[in-house]
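Working notes for the structure below.
Quick caveat: nothing in here was measured; it's all calculated off a predicted structure. First the proteins, then the strands, lettered A, B, ... as listed; each starts at 1.
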Amino acid sequence: MSKAPSTEVIKEPSMLKQKAMIDENFKLLSTANEEGRKVSSTFVPGNLNELLMCFDLARNFPEINALQNGLRKQSGRFIMEAERNGQSEDVCTYVKSDLGMMMQGNVGPTGDPLPDPDVLVLSYTGCFTFMKWFELVREHYDCETVMLHVPYQADGKITDNMRDYVVKQIKEEVIPTLERVSGVKFDIDRLREYLRQSAKAEDDLVWILQSAKNKPSPIDAFFGGVYYIGPIFTAFRGTEAAAEYYRTLRGEIQERLTNGQGPVTPEGDFGEEKFRLVVEGTPNYTNFREFWKMFYDEGAVVVASSYTKVGGVYDFGFRHDPDHPLESLADYCLGCYTNLSLPARIKMLAGYVEDYQADGLLINSVKSCNSFSAGQLLMLREIEKRTGKPGAFIETDLVDPRYFSAANVKNRMESYFQMLQQKSAPRAA
Amino acid sequence: MTVQDIVNRCQALFDDLDFQAVQDWKAAAAGRKAIGYMPIYVPREIIHAAGMLPVGIFGGGDQLEVIHGDAYYQSYICRIPRSTIELGISGRLDCLDGMLFPSICDVIRNLSGMWQLLFEDKYVRYFDVPQNYRDDVGGSFYIHELQQLRDDLAEMAGREISDEDLRQSIAVYNDNRRVIADLYALRAKQPWQVPTSEVYLLLRAGMVLPVEEHSQLIRDYVAAADAEQRPRRDNCRVVVNGVFCEQPPLGLIKSIEMAGCYVVDDDFLLVTRWLLDDVPLEGDPLENLSAAFLHRSAATSAKFEPDKQDKGRFLIDQVRDNGAEGVIFAAPSFCDPALLDRPMLQDALSAVDIPFTAFKYAENTGQLQAIREQAGTFADSIKLWSA
Ligand code: SF4
Ligand code: SF4
């Protein structure tokens, strides 16, 4: 029988550093209104973090607040509050967690109050809900909303028309709005400098994620990956701190690789690597450690995931480019995972199964998210067909505790591992 | 033709899940092609200008047995994509040479990719529309998208689509929009003469008939409806909102009417009423279609509303312009666009004291009793307030 998750979590220097960065950002946000610092709110996919930094804007990410509230077991009550106030039980729980938090005083996950935004930067990338989310939020504030519509890569490529459209919006809509709100004039050289930092961090991130190609993998690219993507997907991409964080992390992983060690888990070293999985879909945050434990208790490591690509797909060569600043911001937005067509997602995941020598694909389908979930059953079949590796499908939610049934998930996982075991066992003569 | 004749014809078209009308149209001349499209809006003018038949695909309704479709979707996803897949896999959409998936929500967006995989030999296009309404920004993006569609269809048709072709098609769709506007105006004026269940069937007929024939059918209906006197009931007047994608069963529409509500405006089959005015025939046709989309098209959840003061205004205008007394929000279960928009629209209505009620449905909802009671209670309460 597996033990209950221990309360003592083992932390590496990079984790401590990241925690300090996140805490500092929440502090910065909590004092922003009093100190006259202007505040932007924006979404993770297709965020223009470097650009926002050019206007000295503090950066608030409602999705991050929601997931942090999920990890801290606060999201359930916020969701119920939003539902009591007219939000449907059927819609994304990130939105409801955010709205519920606002209704209950807008105190953020760290206990610090969150500021009123001065501008909502609606990076409309890869998710329909984003548009409604900020329409809903702006009802409560007297602030500007600027839409950045990022067309969908339906045919698996970025056309000139798409790129031009995004660049034009950045030039004609986003930058003028941010100048007006912040009172800071746009300086493209400042942007170039931030993008240079981004590219450095992106190089290291790719190295880190691809380290999972080794056997044993020194990282878990889903549960661990959630931590690794934290800084670069949010308020820190483009900062020196992020570049340094990824340097440190890379050093730690290099060391694990040299020592032939597996990933770090909340309970220490991973132990023997028995199964290598690719995971499609989002984590569940309300029972994050419990869910993770179901993997590492069985010796299952996630070697690649799509979730670590929602805030940017870097492993096929894209980098933010200081020489083409606005165009590369556009390509970044257009290239985020949920902005990719289903055939492109399938190709990517099937490629991961091959390249990372995985034993199979696990899909965690969340009720909240049509952007991820609609079509996942077909993806499962297609990827099984193309790779010849068995897949598994589980259903949970991101931050709504009502939709995480530990017993069901565990059952599913156990039978999946049994099946993988049987497949890999040498046949009796 | 009597009203009943026309309604019977529309009902038969509605019931026909094999799209015989489309097959017949194609069979009538060699080389004809048909292009399917899903809600909410595609510029049908371009398909028409290519000499092809635009065919609206609105799911399988409550008569289709979904055998395969459920295997493609989790239980928490709306019904329309699964019944649409069912229509496709069961061969009922073989008569279509291509499918357009407009950018309305993530379900239809992802369905475009599924279609690419499942029906490899068909033309599949995700049709993106701008969320930026400046002519030089969203407009130029959109014109490129329109041009792309024009080029693709021209290639399929094996001939160029000229500006003149487009203008002629715009003219026939202008005519169609005008007759539908007349039909809606008549219903708002005399809803007892023009029941919504009939209006709905008439509009659905336009999803499979050639537009010229459809316009004539509506003209015939209006003339026939004028010639018949029907009993006037003491119903309240409502606008129905949220029915723009997955369709409620016909029985649900009838239930609302039987419960004592005259529907005087709605967002059914918005493709027919998306553009609010005539599209000009002079000048560049794609620029004209673009300008109409950007500046004079219906407000709906799938479009960003740049000015928060304007959120809900379109709906409030629908209520006021048509003398409605309340709004019925009917949304498909699990429909992000309808359900996320609803609280904002409700707030806008509350601010101007317009009463509303809300429920959810699925295209195959069988139990209508609860909805009928709810609509009935709503109608009673409106009458009480206005007494
Ligand atoms: S629908 Fe999905 S992508 Fe969109 S906000 Fe919710 S969880 Fe995020
Ligand atoms: S019913 Fe709603 S969620 Fe479903 S496909 Fe239509 S718009 Fe999307």
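- Judged by distance alone, the side chain of D106(B) and the main-chain N or O of F128(A) form a donor-acceptor pair under 3.5 Å.
- In this structure, the side chain of R109(B) does not engage the main chain of N339(A) through any donor-acceptor pair within 3.5 Å.
- Using a 4.5 Å cut-off between heavy atoms, Q116(B) contacts chain A through its side chain alone, with no backbone atom that close.
- Under the 4.5 Å side-chain criterion, counting only non-hydrogen atoms from C-beta, L340(B) is not in contact with W133(A).
- Judged by distance alone, the side chain of D90(A) and the main-chain N or O of S333(B) form no donor-acceptor pair under 3.5 Å.
- Contact annotation for A71(B): both backbone and side-chain heavy atoms come within less than 4.5 Å of a heavy atom of chain A.
- Using the six-membered ring where Trp is involved, Y165(A) and F141(B) have ring planes that are parallel, under 30° apart on the 30 and 60° scheme.
- In this structure, chain A has a heavy atom under 4.5 Å from the backbone of I104(B), while its side chain stays farther away.
- No salt bridge links K132(A) with D336(B); every basic N to acidic carboxylate O contact stays at or beyond 4.0 Å.
- Side chain of N132(B) to main chain of Q169(A): no donor-acceptor pair is present (N/O by atom type, distance under 3.5 Å, no hydrogens or angles).
- Counting heavy-atom pairs closer than 4.5 Å to chain B, the top residue among L380(A), T338(A), L378(A) is L378(A).
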After noting the C-alpha distance and the side-chain angles of S341(A) and Y126(B), does the key distance pass the side-chain hydrogen bond (donor to acceptor under 3.5 Å, both in side chains) rule?
CA-CA 10 Å; S341(A) 70; Y126(B) 174 76; over 6 Å; no
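- For L117(B), the part lying near chain A is the side chain, with the backbone staying farther off; criterion is any non-hydrogen pair under 4.5 Å.
- D164(A) does not touch chain B: none of its heavy atoms, backbone or side chain, sits under 4.5 Å away.
- Contacts between S103(B) and chain A at a heavy-atom distance below 4.5 Å are absent for every atom of the residue.
- The backbone N or O of S373(A) lies less than 3.5 Å from a partner atom in the side chain of Q74(B), making a donor-acceptor pair.
- Here R345(A) is the residue among R345(A), M162(A), E144(A) with the most heavy-atom pairs under 4.5 Å with chain B.
- Annotation: K347(A), atom NZ; neighbour count of heavy atoms from other residues, nucleotides and ligands within 6.0 Å does not exceed 12.
- If you tally non-hydrogen atom pairs under 4.5 Å between each of K168(A), K367(A), M379(A) and chain B, the highest count goes to K367(A).
- Between chain B and the residues N161(A), L377(A), L148(A), the most heavy-atom pairs under 4.5 angstrom are made by N161(A).
- The candidate from S301(B), P81(B), C105(B) with the greatest count of non-hydrogen atom pairs under 4.5 Å with chain A is S301(B).
- The side-chain heavy atoms of Y124(A) and Q131(B), taken from C-beta on, include a pair separated by under 4.5 Å.
- We find that E135(A) and K311(B) are joined by a salt bridge, their nearest charged nitrogen and carboxylate oxygen being less than 4.0 Å apart.
- The shortest distance between side-chain heavy atoms of Q376(A) and Y72(B) does not fall below 4.5 Å.
- Residue contact with chain A, scored on non-hydrogen atoms closer than 4.5 Å, is absent for R342(B).
- For chain B, the option among G126(A), G86(A), A344(A) with the highest count of heavy-atom pairs below 4.5 Å is G126(A).
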What do the steps show when you test E305(B) against R138(A) for salt bridge (Lys or Arg N to Asp or Glu O under 4.0 Å), and what is the final call?
CA-CA 11 Å; E305(B) 174 53 72; R138(A) 77 176 171 185; 5.6 Å; no
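- At most 12 non-hydrogen atoms from other residues, nucleotides or ligands lie less than 6.0 angstrom from CG of D142(A).
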